[in-house]
Amino acid sequence: MGAFFETIPETLIQWILAQKVFWVSTAPLSGKGHVNVSPKGGHAFGVPDRKTFWYLDMTGSGNETISHLLEPGNGRVTILFNAFEGPPRILRMWGKGRVLENGSTDFNDLVERENIEVPPGTRSIIMVDIHQVGSSCGYSVPLFDFKEHRTTLDDFFKRKEDKFLAGNEKESMDRYWALKNAFSIDGLPGMKRGLEAGRVYGIEPVKKMVGPFAPKRGATLSTRNGFLVEHIVIIVLTLLLAITLATHPAFQHQAQARIRDMMVQVKAMPDALPSSVRFRD
């Protein structure tokens with residue numbers, strides 16, 4: 001039986017902290033973009049209070065979560081936990097995410113406050129301000145026995161850090177972030193440190209998609225609050241055409257009537273327009 005809560009129930013906090021893996025889901029605002037789901041493993045996550053969840057974001061070849069959370073007007077995120085042992089359970093937490101990049105004041109403050117161990121390769125801490133929690137049965141989720149956490153990622157970045165500290169500048173994390181974490185697969189900006197390193201060192205980001213759905217170089221998702229830029233252009237061009245016709249004596253009466261009709265229609269859909277192009281009486 002499903003149940004919903006505005007905060008994390010006290011009875012579930014210890015169960016959350018005992019889990020070995022969870023999933024993070026985000027998406028860009030544009031319907032042309034790609035929904036992302038990322039698995040996260042390890043013990044580097046926490047519940048500081050009943051409305052907040054954080055996890056250590058390790059460096060990877062992709063950075064969809066960061067890009068979606070940083071997208072203006074976005075920030076939507078869902079955290080999913082499953083019970084793979086003991087009584088069945090599925091737990092979802094919906095909220096708005098914040099990216100605390102490694103080295104920032106907010107990152108350092110949280111690390112100190114929560115006594116977080118920061119292994120090599122850590123790029124950020126993701127903070128989720130939760131506004132809804134939902135639990136459901138999980139009766140069809142299979143049972144699994146936990147064996148151990150993989151150390152492959154930690155070992156890889158430990159070797160990379162050792163090479164950098166030994167004087168190999170090319171092994172710096174900022175260069176890696178510029179190469180692989182500066183943009184999402186849809187072309188949305190990602191890590192700020194990655195973007196800055198790309199500019200400083202002249203690093204070209206790696207291409208992440210192939211085929212017809214791969215974004216063209218320099219292209220970005222054309223959306224603002226779900227309203228496409230193309231729609232704004234059409235409205236502006238139509239208004240210009242109508243005004244031009246209104247100045248011609250042969251079409252003046254008809255054009256003025258058409259303009260009145262158009263303004264009525266445009267005013268009837270204010271919620272679909274960005275605030276910058278809304279019409280006021």
Which atom pair, heavy atoms only, marks the closest approach of [X] to [Y]?
| X | Y | value |
| --- | --- | --- |
| Ser38 | Asn36 | OG-ND2, 2.9 Å |
| Gly75 | Leu69 | O-CD2, 3.4 Å |
| Leu29 | Glu71 | N-OE1, 3.1 Å |
| Phe84 | Val21 | CE1-CG1, 3.7 Å |
| Glu85 | Lys20 | OE2-NZ, 4.5 Å |
| Thr78 | Trp94 | OG1-CD1, 3.1 Å |

Any chance [atom1] of [X] has more than 12 other-residue heavy atoms, nucleotides or ligands included, within less than 6.0 Å?
| X | atom1 | answer |
| --- | --- | --- |
| Lys192 | NZ | no |
| Phe213 | CZ | no |
| Glu117 | CD | no |

Side-chain donor or acceptor of [X] paired with backbone N/O of [Y] under 3.5 Å:
| X | Y | result |
| --- | --- | --- |
| Arg92 | Leu80 | no |
| Asp186 | His34 | yes |
| Ser104 | Phe107 | yes |
| Asp129 | Gly95 | no |
| Asn168 | Phe164 | no |
| Arg76 | Ala27 | yes |
| Gln19 | Phe81 | no |
| Ser67 | Pro189 | yes |
| Glu161 | Gly121 | no |
| Asn102 | Thr122 | yes |

In one Ile/Leu/Val/Met/Phe/Trp/Tyr side-chain cluster, 4.5 Å: [X], [Y]:
| X | Y | result |
| --- | --- | --- |
| Phe4 | Ile8 | no |
| Met173 | Val111 | yes |
| Trp23 | Ile126 | no |
| Ile90 | Val128 | no |
| Phe156 | Leu179 | no |

Original post:
Are side-chain N/O atoms of His68 and Asn74 paired as donor and acceptor at under 3.5 Å?
Top reply: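 No, Asn74 and His68 have no side-chain donor paired with an acceptor closer than 3.5 Å.
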Original post:
Between Asp49 and Thr52, does any side-chain donor sit less than 3.5 Å from a side-chain acceptor?
Top reply: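 There is such a pair between these side chains.
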Subject >> Note: Glu196-Arg193 ion pair, threshold 4.0 Å (strictly below) >> reply: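 Judged by the 4.0 Å cut-off on N to carboxylate O distance, Glu196 and Arg193 do not form a salt bridge.
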Original post:
Does a salt bridge link Lys158 with Asp162, judged by any charged N lying under 4.0 Å from a carboxylate O?
Top reply: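 Yes, this pair counts.
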Does the side chain of [X] reach to within under 4.5 Å of the side chain of [Y], using non-hydrogen atoms?
| X | Y | answer |
| --- | --- | --- |
| Ile116 | Trp54 | yes |
| Glu114 | Pro48 | yes |
| Arg50 | Ile130 | no |
| Phe183 | Leu195 | yes |
| Lys160 | Tyr176 | yes |

Original post:
Quick check, are the ring centers of Phe53 and Phe22 under 6.0 angstrom apart?
Top reply: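 Ring centres of Phe22 and Phe53 closer than 6.0 Å.
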**OP:** With Asp57 as reference, evaluate Ile66, Val99, Asn63 under the side-chain contact (heavy atoms from CB on, under 4.5 Å) test and give the passing residue.
**Re:**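 Answer to the side-chain contact (heavy atoms from CB on, under 4.5 Å) test with Asp57 among Ile66, Val99, Asn63: Ile66.
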Subject >> Pi-cation contact, Trp177 with Arg123 (under 6.0 Å, within 45°) >> reply: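 No - Arg123 does not lie over the ring of Trp177 by the 6.0 Å and 45° rule.
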Original post:
Is Lys40 close enough and on-axis enough to Tyr55, meaning under 6.0 Å and within 45°, for cation-pi?
Top reply: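 Judged by the rule (NZ or CZ under 6.0 Å from the ring centre, within 45° of its axis), Lys40 is not positioned above Tyr55.
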